[in-house]
Each structure stands twice: as C-alpha cells, then as structure tokens.
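Just so we're on the same page: letters track the sequence lines, and every chain starts at 1. In this text, all values refer to a predicted model and were calculated from it rather than measured experimentally.
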Amino acid sequence: MSTEFNIVSEIYNNTLVMRTDGYINNVAGEKIIAEFSKNFSGSMNKVVMDLGKSKVVNSIGISYLIDIIEKLNESNGKLVFTSLDPTIEKTFNIMGIFQFAQKADSVEAALK
Amino acid sequence: MIDTDLKLEIVLPKVPDIELVAIQGLEKMGSYFGISEDKIGEARVLVTEAIINGLEHSGGDNPYVKVEVTMTKDKLIILVTDNGKGFDPESVPIPEIEKKLSSANKRGWGLKLMKSMSDDLLIESKPTGTKISIIKNLS
C-alpha cells in the first residue's frame with residue numbers, strides 16, 4: 001500500500017469536487033483542509049468528495065472531514081461522499097457522519 | 001493451505017504511517033486464508049485504530065507498540081501493547097457526531113470504532129502501559 005496521498009480539485013457548475021488518492025490520516029487530513037480552504041467559496045452550496053482511491057481512512061483523518069462538514073453546515077452547504085469503499089461507508093455509519101453529510105455512487109450522480 | 005493459525009509479531013516504532021506495515025501483513029494473511037474483503041476491511045480498521053491509539057499513548061525515549069496478529073480461517077486475534085503511562089478506558093467519553101461538530105476537538109473515535117467492528121474488546125491499562133486485545137470472527 002502506497003503511503004503517498006494526493007488530492008485534486010475541480011469545480012463543476014459552482015460545485016467543488018475533490019478526489020483523494022491514498023491513505024487518509026492526519027497528514028492527509030491537513031492537505032484536504034488546505035485544498036478545501038483554497039478552492040471553496042461562500043457561493044458554493046455543495047462539495048463532492050470522491051474517496052474511490054482511498055481504501056484506508058483512520059479516525060484522525062476522518063476528524064478533518066468532520067471539520068469540513070461543520071464549515072459547510074455553517075454556510076448551509078452540504079458535503080457528498082462518493083465511491084465509498086464498503087468498510088469506509090460502515091465506518092461513517094458508525095460515527096453518524098451521514099446524519100450531516102450525504103453519499104452517492106459516483107461524482108456524476110452527486111452532481112445531478 | 002495450512003490448517004493451523006498464522007501469527008504475525010512485530011514491534012513498531014513511532015514513525016508516520018508505520019501502521020501500514022501491520023496492515024500489509026494482515027492483508028497477506030487474509031488473502032492466504034481467502035477471507036472476504038468485507039471482513040478484512042473491518043480488520044484493517046481494528047488494526048489501524050489499535051496501533052495509532054497505542055502509539056499516541058506510548059511514551060519515554062523509545063515509544064513503540066508491540067503488535068501480535070493471529071489469524072485462522074475463522075478468527076482473528078489482535079493484541080497491541082504500548083509502553084505508555086496508561087489511561088482509564090472508562091473515562092473516555094463516547095463520541096457523538098452532534099457534539100463533535102460544534103467542538104474544537106473532533107477526535108476520539110478510535111475506541112468506538114474498535115468496539116463496533118470487533119466481537120470482543122478488552123483494554124488492560126496500568127502505569128507502565130496498555131494492552132488492547134481484540135477478537136473478530138471471520139466466518
């Protein structure tokens with residue numbers, strides 16, 4: 001398993017789409033926050049986070065994702081997770097993440 | 001395939017991403033026994049969380065965790081021991097997403113995840129270290 005973590009962002013119709021690749025730990029969490037802060041604008045009401053290439057997420061990394069959910073809640077925006085590995089989806093369910101964020105099968109589905 | 005168990009014993013120093021070494025061993029063992037990806041995925045969470053919890057609480061000039069992973073085709077036993085000063089597991093609050101969203105501290109989910117994804121979890125902690133024992137059924 002590679003320890004390299006990468007994140008790329010695109011903006012589609014005023015929606016920020018971030019795609020991660022690799023293990024989401026504390027260092028990756030900080031990179032996600034930095035990428036979000038760099039690209040998110042207050043006029044956006046949706047952020048899509050595609051985790052299809054991240055098969056392992058630890059609880060410290062997820063705490064950074066909760067930070068993004070909080071920031072979006074404050075601006076009436078929503079976070080949509082896509083392409084979730086079944087274990088990550090179960091992890092998010094245990095934590096109650098989907099009470100405050102959504103999920104979709106793909107980025108395309110999330111953008112509809 | 002052998003009928004007996006497979007055992008991985010490793011001492012991990014406190015360096016970034018070191019938990020992935022144990023994860024790789026776990027995945028190899030799971031593949032050997034033909035364990036389902038769902039079960040291995042949950043086992044991955046258990047090993048990851050136990051190790052990062054142990055390394056966070058390990059101490060002294062030489063912080064480390066000792067990891068023992070024993071697997072049969074039916075059962076996984078994970079033992080993670082650290083050399084920290086111990087903690088009272090009963091004093092660890094159960095995290096709730098509503099409270100975490102409005103809190104500066106959004107961490108503290110490791111124990112909840114380990115309890116939820118395991119079939120048995122025991123934490124033995126004393127001033128010289130903590131041992132986390134996890135059992136997960138694989139069949």
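- Counting heavy atoms of neighbouring residues, nucleotides and ligands inside a 6.0 Å radius, atom NZ of A:Lys46 exceeds 12 of them.
- Side-chain contact between A:Tyr23 and B:Thr48 is present, with heavy atoms from C-beta onward closer than 4.5 Å.
- Here salt bridge (charged side-chain N to carboxylate O under 4.0 Å, His left out) pairs that include residues 53-62 of chain A, with residues two or more places apart or in two chains, number zero.
- If you chain together hydrophobic residues whose side chains sit under 4.5 Å apart, B:Ile78 and B:Ile135 never meet in one group.
- In this structure, no portion of A:Asn26 lies under 4.5 Å from any heavy atom of chain B.
- Proximity to chain B (any heavy atom under 4.5 Å) is shown, for A:Tyr64, by neither the backbone nor the side chain.
- Every residue was checked against the ring-ring contact (aromatic ring centres under 6.0 Å, His included) condition with A:Tyr12, not counting sequence neighbours, and none meets it.
- The number of heavy atoms from other shown groups lying within 6.0 Å of CG (A:Asn13) does not exceed 12.
- Atoms CG and OG, on B:Asn53 and A:Ser59 in that order, are 8.5 Å from each other to the nearest 0.5 Å.
- Residue A:Ile94 holds its CD1 atom at 7.5 Å from CD of B:Glu42, rounded to the nearest 0.5 Å.
- Put simply, CG on B:Leu101 and CG on A:Asn73 are 6.0 Å apart, with the number rounded to the nearest 0.5 Å.
- Residues B:Leu113 and A:Met95 share a closest heavy-atom pair of CD2-CG, 4.0 Å.
- Interface residue A:Asn25: only side-chain heavy atoms are found under 4.5 Å from chain B.
- Heavy atoms of other residues, nucleotides or ligands lying less than 6.0 angstrom from CD of B:Glu90 number 12 at most.
- Between B:Ser102 and A:Glu70, the shortest heavy-atom contact is CA-OE2, 3.6 Å.
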| request: Go through the steps to decide whether B:Val45 and A:Lys90 satisfy the test side chain to side chain contact (heavy atoms under 4.5 Å, CB included), and finish with yes or no. | output: CA-CA 10 Å; B:Val45 173; A:Lys90 180 169 184 175; over 6 Å; no
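- Nearest heavy-atom pair, A:Gly96 versus B:Ile97, reported as atom, atom and distance to 0.1 Å: O-CG2, 3.7 Å.
- Both A:Phe5 and B:Val15 are part of a single hydrophobic cluster, where members link through side-chain heavy atoms under 4.5 Å apart.
- For the options B:Lys100, B:Glu98, B:Glu96, heavy-atom pairs under 4.5 Å to chain A are most numerous at B:Glu98.
- Across A:Ile66, A:Ile62, A:Thr91, A:Asn58, a single residue satisfies side-chain contact (heavy atoms from CB on, under 4.5 Å) together with B:Trp109, and that is A:Ile66.
- Surrounding CG of B:Asp88 are more than 12 heavy atoms belonging to other residues, nucleotides or ligands, all under 6.0 Å away.
- For B:Lys66, the NZ atom counts as loosely surrounded, since its 6.0 Å shell holds 12 or fewer non-hydrogen atoms of other residues, nucleotides or ligands.
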